[in-house]
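Sharing a structure with you now.
Computed from heavy atoms alone, side chains included, the values below leave out hydrogens, waters and symmetry copies. All residue numbers in this chain count up from 1 along the given sequence. Start at 1 and go down the list; that is how both ligands and their atoms are numbered.
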Amino acid sequence: MSPVAVRFAPSPTGRLHVGNARGALLNWLFARKHGGSFLLRLDDTDTARSTEEFAKGIEADLRWLGLDWDRYAKQSDRFALYTEATEKLKASGRLYPCYETSEELQLRRKIQLSQKKPPVYDRAALKLTAEDRAALEKDGRQPHWRFKLNGGTVVWDDIIHGRVEIDMASLSDPVLVRSDGYPLYTLSSVVDDGDLKISHVIRGEDHVTNTAAQIQLFEALGYAVPTFGHFSLLLDAEGGGLSKRLGSLSLGDLREQGVEPMALNSLLARLGSADPVEAQAELPALIAGFDLSRFSRAPARLDPHDLDLLNAKLLHGTDFAAVRDRLPAGATEAFWLAIRGNLGRLSEAADWWPVVNGEIETVQEDPAVLAAAVEALPPEPWDATTWKALTQAVAAKTGAKGKALFHPLRLALTGRDKGPEMAQLLPLIGRDRAVKRLSVKQ
Ligand code: GLU
């Protein structure tokens with residue numbers, strides 16, 4: 001058995017979105033689970049649309065997720081290999097020049113469809129004689145090059161789909177080289193997967209039919225054929241097509257919204273699998289529980305609410321040391337422990353910091369309760385028992401209880417009617433601020 005080697009192969013023509021991140025994560029987990037290597041391959045042969053900035057953005061997004069790569073390749077560095085492969089295919093008669101314009105091909109497809117025939121390339125170019133070709137080229141037509149598929153059926157044992165059989169008569173011979181000489185995805189991807197000894201190609205099921213043609217290409221080029229696994233695509237919670245709300249959001253957007261990378265990883269590692277989603281604070285826990293064969297063909301449904309729940313759950317168990325750098329300057333461990341159970345996003349910590357350490361707008365709704373509280377405030381030091389003592393004293397003095405007691409106090413002390421435990425917050429607010437906030441404005 002060759003060592004496990006997988007790759008994640010985005011095109012640097014945009015930032016990663018949630019769907020891409022899932023492909024990256026599943027490959028990474030597979031590599032780590034099996035002691036294999038993870039290659040980041042930038043599919044940048046489309047030099048007109050690929051940019052260095054997007055490439056850097058993709059790398060930053062992967063780092064944010066915590067997905068490190070063992071190997072790195074850029075297709076734009078590897079054109080010589082693709083040329084070598086085309087020469088080999090030409091020599092073996094598997095690559096043939098075609099001269100149709102896209103308008104001509106489109107028209108042919110329309111005619112085939114109107115005759116209820118599959119819109120498969122009719123291989124008209126194979127019938128061209130050397131003179132025909134010379135005449136076309138004299139007319140200024142540059143050929144694009146197609147890979148001549150063998151007939152019959154291509155079969156593979158897919159990690160997720162099980163046995164897949166594709167009738168090759170249903171496929172057009174794929175174009176491998178454009179008329180301007182640039183290699184297309186099918187060629188460059190197979191050459192790289194073969195040359196870089198990729199053992200498992202794990203990608204979305206939109207590639208299933210490409211796989212059939214690619215298997216023939218691996219064979220034609222003399223490469224070992226990798227094992228394939230095609231995961232189902234992400235749908236949004238309502239099941240309506242690819243998620244517009246979350247699935248198409250870039251990781252940059254999510255990061256800006258304060259989503260914790262491990263919340264996203266925890267969700268994406270399990271969506272579409274038979275295993276339940278669990279909030280995991282560290283990648284190793286996801287590796288331990290990862291099994292690609294537990295993924296099914298059923299669509300993976302992505303619910304933004306699940307991401308929010310995971311995010312909150314992770315924050316509620318996060319240690320101060322892990323978030324210290326992302327908290328407002330000066331924030332203490334006691335502050336973090338007081339508020340963390342109340343957060344949906346880490347950014348909300350910044351809203352609570354002035355409550356214990358600054359000025360806030362307070363709301364004074366029951367002057368009698370507040371006046372009694374000012375009087376009952378004990379001297380410092382305060383601790384987690386102070387709140388109970390204070391509210392008991394105010395209750396005894398005013399007769400207020402339940403919401404009528406707690407609501408005005410919370411509102412005056414924090415400026416909000418909901419939030420972390422007052423027993424935790426009060427000692428952090430401290431006596432001076434408490435007196436100020438409780439004292440009824442005249
Ligand atoms: N660059 C290709 C894509 O983003 C890679 C597909 C593959 O994994 O083979 O679709």
* Asked: When you measure from the side chain of R203 to the backbone N and O of G23, does any donor-acceptor pair fall under 3.5 Å?
  ->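 Not at all, since once roles are kept as given, no pair shorter than 3.5 Å links the two residues.
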* **Donor on one side chain, acceptor on other, Y96 and D173, under 3.5 Å** =>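 Yes, a side-chain donor-acceptor pair sits under 3.5 Å.
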* Do F295 and H230 pass the ring-ring contact (aromatic ring centres under 6.0 Å, His included) test, and can you show the C-alpha distance, the side-chain angles, and the key distance before you say yes or no? -> CA-CA 10 Å; F295 281 68; H230 293 90; over 10 Å; no
* **atom 10 (O) of ligand 1: the protein heavy-atom neighbour that sits closest, reported with distance to 0.1 Å** =>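 Sorting protein heavy atoms by distance from atom 10 (O) of ligand 1 puts H207 NE2, 3.2 Å first.
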* Would you mind listing which atoms of ligand 1 come within a distance below 4.0 Å of any non-hydrogen atom of S11? => 1 (N)
* Considering only protein heavy atoms, which is closest to atom 9 (O) of ligand 1, and at what distance to one decimal place? ->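 Answer for atom 9 (O) of ligand 1: Y185 OH, 2.6 Å.
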* To do: Output the list of atoms in ligand 1 that are nearer than 4.0 Å to some heavy atom of S189, sorted by atom number.
  => 9 (O)
* Classify the side-chain pair Y121/Q112 by whether it contains a donor and acceptor separated by less than 3.5 Å. =>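 No - no donor-acceptor pair under 3.5 Å links their side chains.
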* Relative to the heavy atoms of R203, which atoms of ligand 1 are at a distance of less than 4.0 Å? ->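 Near R203, the atoms of ligand 1 are 7 (C), 8 (O), 9 (O).
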* Between D167 and T153, does any side-chain donor sit less than 3.5 Å from a side-chain acceptor? -> no
* Asked: So, Y223 versus D195: side-chain donor-acceptor pair below 3.5 Å or not?
  ->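 Not at all, the side chains of Y223 and D195 share no donor-acceptor pair under 3.5 Å.
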* Proximal atoms of ligand 1 relative to D43 (non-hydrogen, under 4.0 Å) -> 1 (N), 2 (C), 5 (C)
* Structure fact -> A student checking ligand 1 against R7 at a 4.0 Å heavy-atom cut-off should list atoms 7 (C), 8 (O), 9 (O)
* Can you list the atoms of ligand 1 that are under 4.0 Å from a heavy atom of A9? -> 1 (N), 2 (C), 3 (C), 4 (O), 5 (C)
